[in-house]
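Just so it is clear, the values below take in all heavy atoms, side chains as well, and ignore hydrogens, waters and symmetry mates. Within every chain, numbering begins at 1; the chains are lettered A, B, ... in the order of the sequence lines, protein sequences first and strands thereafter.
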Amino acid sequence: MTVRDIFDSMAYGPAPESDAEARAWIARHGGRFGHFIDGRFTAPGATFATRNPARGEVLAEVTQGAAADVDRAVAAAARAYPKWSRTPGHERARILYGLARLVQKHARLLAVLETMDNGKPIREARDIDIPLVARHFYYHAGLAQLMASELPDHAPLGVCGAVIPWNFPLLMLAWKVAPALAAGNTVVLKPAEYTPLTALLFAEITREAGLPKGVLNIVTGDGDTGAALVAHPGVAKIAFTGSTEVGRIIRKATAGSGKALTLELGGKSPYIVFDDADLDSAVEGLVDAIWFNQGQVCCAGSRLIVQEGVADRFHDKLKRRMDGLRLGDPLDKCIDVGAIVDPAQRDRIAAMVDGCAEGETYRAASPVPDGCFYPPTLITGLSPANPLCQEEIFGPVLVSMTFRTPAEAVDLANNTRFGLAASVWTENLNLALDIAPKIRAGVVWVNATNLFDAAAGFGGVRESGFGREGGWEGLLAYLKPKGTARALKPVAAAPEPAQPRADGIDRTAKLYIGGKQARPDGGYSRAVWSPGGRLLGHVGLGNRKDIRNAVEAAHAAKGWARSTAHNRAQVIYYIAENLSARATEFADRLSAMTGKPGKAEVEAAIGRLFTYAAWADKWEGRAKPVPMHGIALAMNEPVGVIGALCPDEAPLLGLVSLMAPAIAMGNACVLVPSSAYPLAATDLYQVLDTSDLPGGVVNIVTGDPDDLARPLAGHLDVDAVWCFGRGDLSAKVEAEAAGNLKRTWVNHGMARDWFAPASEGAEFLRAATEVKTVWVPYGE
Amino acid sequence: MTTTEISRTRQTLPQVAHARNPGMELDLDWVAAVQANTSAIERRAASLGGRRSVKKDYQAAWLCKAISLIDLTTLSGDDTEGRVRRLCAKARQPVAPWMLERLGMEGLTTGAVCVYHEMVETAVRALEGTNIPVAAVSTGFPAGLSPYRLRIAEIGESVKAGAKEIDIVISRRHVLTGNWQALYDEMREMRAACGEAHVKAILATGELQTLRNVARASLVCMMAGADFIKTSTGKETVNATLPVSLTMIRAIRDYEARTGFKVGYKPAGGISKAKDALLYLALMKDELGHPWLQPDLFRFGASSLLGDIERQLEHHLTGAYSAANRHAMA
């Protein structure tokens with residue numbers, strides 16, 4: 001091609017980024033890597049190949065981590081932990097700051113290596129991934145600096161195990177490592193099998209930052225290596241990003257282990273375009289939503305939901321834009337779409353698309369190069385019932401649906417098991433800010449997509465997982481309240497006496513469902529005795545159907561979440577007022593059941609109600625200073641329906657301590673009261689009835705927690721479950737919660753002093769809320 | 001490949017390659033429905049430089065293309081006939097002959113020469129024997145606030161003097177007050193006054209301030225029959241920017257989709273680096289396609305851009321970074 005020819009054709013031509021430096025780095029390691037444990041590389045063991053998916057060539061051999069390797073890494077991290085966790089925040093800040101600087105100094109090498117290993121366009125690695133990695137370390141250097149003054153009551157967890165995916169290998173490393181180290185934890189990280197190289201390069205670089213040996217350890221390997229790490233008893237926390245399927249396995253595997261867990265899983269994020277949107281910008285947004293990183297993005301805007309009146313025009317514009325996308329060698333600086341990470345993934349994408357008999361499939365006009373590529377694809381005319389509208393494709397495939405009204409857009413958006421992210425395009429701010437809170441997702445971008453920043457929390461709800469990464473809320477996932485826990489002593493109900501005494505008129509406590517007293521479905525009751533052998537009453541034995549009814553009633557009370565915080569506060573004050581009016585009766589009841597004085601507990605419960613009435617309108621969100629012309633709002637939203645297994649040791653105060661923060665934040669709840677002392681709860685529903693609390697906001701199902709924990713924790717329409725009952729319930733609750741990956745908060749058999757100041761406030765309010773980050777760029 | 005033939009034969013008037021935009025009735029519903037989301041447009045513009053890269057021979061060819069699209073411009077109070085003749089000589093021979101020979105790009109000229117009315121005749125004479133048209137800025141350039149009938153008359157004078165292209169300035173006040181009918185009527189009359197000469201509507205986007213204003217003014221001018229829409233006079237404090245360009249070329253795309261007529265685009269002012277020119281060409285190629293890489297649908301309004309391109313081309317040919325004094329001045 002002569003210059004004259006090109007002058008006429010105006011073709012782009014090749015613009016290759018050199019891979020020489022990256023190849024030299026691999027060669028310096030002899031093309032074979034061991035693990036990085038205790039500050040140095042181990043000798044390579046049994047290895048597997050990591051490939052460049054665009055060219056199919058082997059880049060290097062990396063070691064398949066065995067259980068013994070994981071042992072060694074965890075041991076190294078455990079040895080490093082005491083010193084690192086006591087290292088002053090300022091010292092940790094200096095090291096994290098150094099890591100940020102080193103990432104910048106080695107930015108191009110990291111970017112090129114990432115592109116070679118993963119197949120993503122060099123532009124993305126260079127302009128998005130690596131700058132975000134540096135930003136994450138800078139931000140968390142700051143958190144390390146401020147932790148002692150801002151979170152004085154918190155302590156690190158210990159050794160954190162991180163298992164990360166292949167779509168953003170180094171960025172996901174940063175999202176796990178930066179907060180863990182900032183908080184004073186040590187880390188064992190397993191990079192994805194397909195993309196281990198940048199983690200190894202990063203590990204090498206950490207030595208230049210003065211990171212003490214053992215603080216960060218990298219063990220390479222496949223899913224078995226990850227499973228060994230997850231199962232390791234020396235690990236205090238698992239942070240996982242990856243598929244919902246594996247997340248569910250990890251949830252089950254860690255159930256009852258006492259390990260903290262955060263999961264950032266799959267998604268099928270809606271991308272809503274209203275008819276008054278800037279359609280061209282919305283089209284461009286889709287390029288960044290679903291063709292960014294070949295669509296291999298957990299928060300990819302993969303479900304286009306476009307208003308019917310503009311749908312045809314929008315699809316036309318979109319197809320035209322698709323045709324302009326350039327597929328090709330990821331190291332070319334002028335391509336838009338790179339390679340799929342592995343042929344297995346490409347084949348999976350192809351099988352899903354090929355299996356779709358409905359709708360109209362449009363593929364971008366750009367030629368598809370040889371190798372592991374898949375063309376940008378749009379499928380229009382699908383209904384929500386189509387599997388492609390429900391299942392995560394994890395590739396460059398967009399499905400499109402239309403809607404008629406804002407309410408229908410919200411319904412379609414929420415018609416998914418997932419809840420990671422959403423985009424809303426409209427020039428009407430009234431509409432955008434009305435829609436954003438209604439979408440079930442952890443992140444909402446208004447007139448934008450795939451914006452990320454270390455200061456802004458990222459994470460999902462529903463089967464997209466739980467926990468946030470980034471911001472103060474992300475740091476808290478690597479901390480626990482200070483203090484030494486002691487084991488919970490079991491509490492047994494007073495036994496049936498040999499000589500029962502029954503006096504007065506019979507009072508049968510019922511269940512409390514939807515604001516009404518309900519007889520237990522099973523028709524069984526049990527007697528509640530005082531320690532002295534007096535019959536105090538009968539209590540219904542709830543079963544799974546009662547749980548079902550209670551959850552339905554809780555969902556029917558969703559207006560509560562929309563009521564004003566002031567109104568919720570008023571109701572909670574009113575509950576306190578009515579409880580106070582009957583304080584003596586409640587004290588006597590507690591005393592009769594437990595044989596101990598009850599006055600203090602009632603007073604504490606009244607105080608607790610006041611606390612959460614006070615908090616109702618004061619648990620404020622934040623406006624995050626993200627590097628953008630605009631704001632990112634961290635909004636505290638109710639979790640939804642919370643199931644709670646209440647403690648025995650403080651039958652009234654414990655229940656109130658869980659119920660009050662839940663309803664103060666706008667949740668509805670299903671409470672399973674103490675089975676030993678249930679009558680405090682059943683008396684309470686009379687108080688609730690007289691306090692203007694809408695029916696269904698609080699539901700009380702008495703019965704055997706052993707029977708009720710499973711249906712409650714396993715209920716797919718419950719958003720969180722809390723367990724402060726008997727210790728052995730924790731494992732059951734966590735395992736059952738895997739079904740819809742609901743959030744759990746359990747005691748792991750550890751006691752809590754319900755009278756203590758630490759048993760109210762922020763920890764409870766955090767459990768009762770989800771942080772939704774709403775990005776609102778602006779400018780005219 | 002008709003477009004290729006066209007570029008080889010160096011036709012520069014839009015009516016030659018494509019049907020000239022006749023305009024349409026003012027459609028206020030369409031104008032009102034126009035949206036331009038500034039932050040999203042800014043993000044797209046900011047990432048463009050990282051998305052497109054042209055190297056080696058391709059870069060040289062693209063830079064030659066940029067030269068062929070330049071309206072080589074002098075619009076100064078101290079312009080003289082001598083200065084304009086010098087500019088025209090540079091338009092005929094924008095790059096040293098040895099370089100064009102090495103590039104195989106002999107015969108390359110700029111797209112046009114752009115001057116004030118008083119200099120039109122000089123420029124026309126100086127460009128005799130070439131296909132390089134003379135463009136005249138008109139209608140009380142740059143502010144457009146001289147008496148209306150004089151502004152219209154000025155167009156006729158320049159056309160009579162031999163200008164083939166007229167760069168008019170719109171009344172910004174019509175945009176700022178939302179008086180679309182007045183803007184439409186004014187543009188329509190100016191277009192009529194141009195006759196066969198083709199008309200570029202200068203929006204002075206720096207003074208319109210918002211991208212929504214830019215989008216709406218673009219649309220109204222196209223409805224009124226503009227052959228080109230152009231960002232700036234070069235005299236505003238903010239001239240051509242990528243976000244403004246993206247907004248205007250999206251309006252061009254919508255106008256074509258609705259009417260079938262292609263309207264040209266001319267960013268002017270502030271484009272002084274070869275790298276910027278490449279970015280603009282990539283923007284045109286990606287957003288509008290190949291026809292908008294030809295002089296009949298795309299021009300750079302620039303005076304110092306050529307100098308930087310010359311240096312880059314010499315660097316391409318010799319491998320050594322170049323100096324300004326090695327290239328003939330305009």
- Note: vs chain A, highest number of non-hydrogen pairs under 4.5 angstrom among Arg43(B), Gln209(B), Glu42(B) is Arg43(B)
- Task: Report the option among Gln59(B), Lys55(B), Lys56(B) that has the most heavy-atom pairs separated by less than 4.5 Å from atoms of chain A.
- Result: Lys55(B)
- Query: chain B heavy atoms under 4.5 Å from Tyr12(A): which part of the residue, side chain, backbone, both or neither?
  - Reply: both
- Per-residue contact mode, Pro121(A) against chain B (heavy atom under 4.5 angstrom): neither
Tell me, side chain or backbone of [X] under 4.5 Å from chain A's heavy atoms, or both, or neither?
| X | answer |
| --- | --- |
| Ala282(B) | both |
| Leu281(B) | side chain |
| Asn213(B) | neither |
| Glu287(B) | both |
| Leu293(B) | side chain |

- Item | Rounded distance [0.5 Å steps], CE in Met10(A) versus NE2 in His290(B) | 7.0 Å
- Query: Roughly how far, to the nearest 0.5 Å, is CG of Asp278(A) from OG of Ser39(B)?
  - Reply: 9.5 Å
Contact between [X] and [Y] at the side-chain level, heavy atoms closer than 4.5 Å - yes or no?
| X | Y | answer |
| --- | --- | --- |
| Thr38(B) | His629(A) | no |
| Asp57(B) | Met1(A) | no |
| Asp254(B) | Lys317(A) | yes |
| Leu108(B) | Phe7(A) | yes |

Any residue of [range] which, by heavy atoms, sits under 4.5 Å from chain B:
| range | value |
| --- | --- |
| residues 421-428 of chain A | Trp425(A), Glu427(A) |
| residues 318-325 of chain A | Arg320(A), Arg321(A), Gly324(A) |
| residues 279-290 of chain A | Asp280(A), Ser281(A), Glu284(A), Val287(A), Asp288(A) |

- Task: Using side chain to side chain donor-acceptor pair (under 3.5 Å) as the criterion, list what pairs up with Asn450(A), not counting sequence neighbours.
- Result: none
- Electrostatic pair Arg52(B):Asp336(A) at N-O distance under 4.0 angstrom: yes
Of the non-hydrogen atoms in [X] and [Y], which two are nearest, and what is the gap between them?
| X | Y | value |
| --- | --- | --- |
| Arg123(A) | Ser47(B) | NH1-CB, 4.2 Å |
| Val3(A) | Ala60(B) | CG1-C, 4.3 Å |
| Ser53(B) | Lys333(A) | CB-CB, 3.9 Å |

- Using a cut-off of under 4.5 Å for heavy-atom pairs, which of Ala277(A), Ala15(A), Ala11(A), Pro14(A) has the most such pairs with chain B? Ala11(A)
- Note on the structure: Ranking Asp332(A), Asp127(A), Asp276(A), Asp275(A) by heavy-atom pairs under 4.5 Å to chain B gives rank one to Asp276(A)
- Query: So does Glu780(A) have more than 12 non-hydrogen atoms from other groups sitting under 6.0 Å from CD?
  - Reply: yes
